[in-house]
Amino acid sequence: MAVIVHDSDNASGSMADVSIANSAGNFHYVIKGTSSAVGQVIDAEPMSDNFVLTTTFSSLPIISRSELAQEYKELGAALAEMTALDEGEELQIERPVFEAASSIAFELMKRSFPPPEVFTHGPKSVVFDWSNARNNLYLTISADKMSALISTPERIKRRMEYSLKEFLNPSGIFLAIRAAYAEQPVALIEKAGSSPTEEPSAAVG
Amino acid sequence: MGINWGPIPNADNLYRHSVSPPSFTGKKFRHAKFWKLFDCADNSVVASVAWERYVPTTALVHKYGCRLASERNAKKRDAGTFVEKDRQIYCGAYRLTAHAVRQLVGTEGLEEVSHADVVHDIENEISHVSLKVFFNSGITDREGTKTVIMDRLWSASSGPLIHICSGDQETVPHPNTTLEDGPAGVCCDTRSCLGRILDLVRFQIHNWIWEKFYRE
């Protein structure tokens with residue numbers, strides 16, 4: 001196991017890059033994190049595929065980028081089906097909601113969030129849901145805004161609200177959400193040299 | 001319906017019935033869908049629950065749930081839209097108190113709620129209660145607030161009381177196998193034996209009056 005310690009000398013604003021090579025020398029990981037990020041523990045075994053380590057909220061499962069992309073593609077297809085339903089049907093959502101939700105799903109996929117469960121309150125919003133017995137994270141997506149709720153059975157821990165204009169710079173938003181949910185600074189890990197798909201419509205739905 | 005049985009005391013229990021497929025995604029129970037809230041024209045959202053005063057035994061709670069699913073299926077059959085794979089199946093009930101609903105007002109992190117109440121609202125079922133939550137005027141994030149309300153209602157839910165209706169015995173696996181434990185713990189009946197008997201007698205009397213003089 002390896003412990004990654006953030007090198008604050010390389011800090012640039014709130015982000016800093018740390019580069020390591022694993023023991024087999026096969027891959028060179030570039031880690032980006034907040035300036036106070038410490039101790040994102042990874043398994044440094046050599047990998048033969050283009051893996052991305054998903055920082056899910058209670059463990060570090062490893063799935064391939066292609067599996068993640070496939071699950072988000074299915075999410076996009078489900079959202080498209082909901083848009084195609086007749087007005088008044090239980091799961092129907094409006095077109096602008098679908099477009100906002102697809103954009104956000106793309107950003108989530110880029111940042112290796114595990115695919116969420118989905119439900120609606122009605123046609124004007126979609127809710128992405130990552131909840132378990134102890135912690136809940138919900139993103140409520142409307143045509144022009146997104147709000148995040150982090151809660152436990154005992155209390156509401158945090159609520160955050162963003163207009164879609166703020167999504168011109170989404171990185172900070174999703175890091176803030178992930179950090180609030182994990183109650184600690186988090187690091188994103190990507191294989192060096194990989195580049196995520198740039199076309200949302202191709203990646204999600 | 002012509003009867004006012006008075007306000008529902010804070011300590012009284014209310015039951016929310018879980019029916020597949022509405023509370024499910026595929027074959028898996030989803031608590032977020034279980035507490036679906038419907039918009040009303042008066043700047044509120046509403047959900048339906050049953051008042052323990054008029055379902056004073058677990059058997060009566062489940063009879064209500066079985067009727068709920070059965071009537072929905074019958075309505076679809078009458079409309080010619082019934083599909084077997086979407087047949088409504090009652091799975092069980094969760095419980096919360098009237099106080100848990102009213103204390104949504106003033107919940108830290110939920111400032112958008114001006115008023116929350118449970119009102120005895122007989123809709124062809126003597127135990128039917130409307131759970132209403134009103135928003136402040138000028139609320140900017142109605143949809144996000146609905147998510148918070150759903151989350152807090154689920155957090156206040158105990159159970160489940162699991163059941164299989166007589167017409168669903170052949171359904172294997174029954175969707176009730178995926179019901180989650182309510183965050184507020186198990187349902188315990190804290191009434192004394194005498195209390196339960198008195199509740200049952202009161203229910204029988206009120207139900208007879210309603211059936212005889214008021215039910216349409």
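Naming: A, B, ... by sequence-line order, numbering from 1 per chain. Fair warning: this is a prediction, and the values are worked out from it, not measured in the lab.
- A donor-acceptor contact under 3.5 angstrom links the side chains of B:Asp12 and B:Trp51, judged on distance only.
- Below 4.5 Å, heavy atoms of chain A meet heavy atoms from B:Thr25, B:Arg30, B:His31, all part of residues 23-31 of chain B.
- B:Leu96 is listed as a side-chain neighbour of B:Val101, based on a closest heavy-atom distance under 4.5 Å.
- Proximity to chain B involves both the backbone and the side chain of A:Ser125, based on heavy atoms less than 4.5 angstrom apart.
- By the 4.0 Å N-to-carboxylate-O rule, B:Arg53 lies too far from B:Asp199 to be salt-bridged with it.
- B:Asp39 has no carboxylate O lying under 4.0 Å from a charged side-chain N of A:Lys124, or vice versa, which leaves the two without a salt bridge.
- Under the 3.5 Å distance criterion, with hydrogens and angles disregarded, a donor-acceptor pair is assigned to the side chains of B:Glu52 and B:Tyr15.
- Ring-centre distance between A:Tyr138 and A:Phe128: not below the 6.0 Å cut-off.
- Side-chain N/O atoms of A:Glu154 and A:Thr152 include a donor and acceptor closer than 3.5 Å.
- Among residues 136-171 of chain B, the residues having any heavy atom closer than 4.5 Å to a heavy atom of chain A are, in sequence order, B:Thr140, B:Asp141, B:Glu143, B:Gly144, B:Thr145, B:Lys146, B:Thr147, B:Val148, B:Met150, B:Asp151, B:Arg152, B:Ser155.
- Ion pair A:Arg159/B:Glu112 flagged as a salt bridge, since at least one NZ, NE, NH1 or NH2 atom sits closer than 4.0 Å to an Asp/Glu carboxylate oxygen.
- Proximity to chain B involves both the backbone and the side chain of A:Thr120, based on heavy atoms less than 4.5 angstrom apart.
- Comparing A:Ser151, A:Gly122, A:Ala148 by heavy-atom pairs within less than 4.5 Å of chain B, the highest count is held by A:Ser151.
- By the 6.0 Å contact criterion, CZ on B:Arg72 is enclosed, its count of non-hydrogen atoms from other residues, nucleotides or ligands being greater than 12.
- A distance-only check finds no donor-acceptor pair linking the side chain of B:Arg87 to the backbone of B:Asn73 [under 3.5 Å].
- Distance check, rounded to the nearest 0.5 Å: NE2 of A:His121 to NZ of B:Lys33 gives 12.5 Å.
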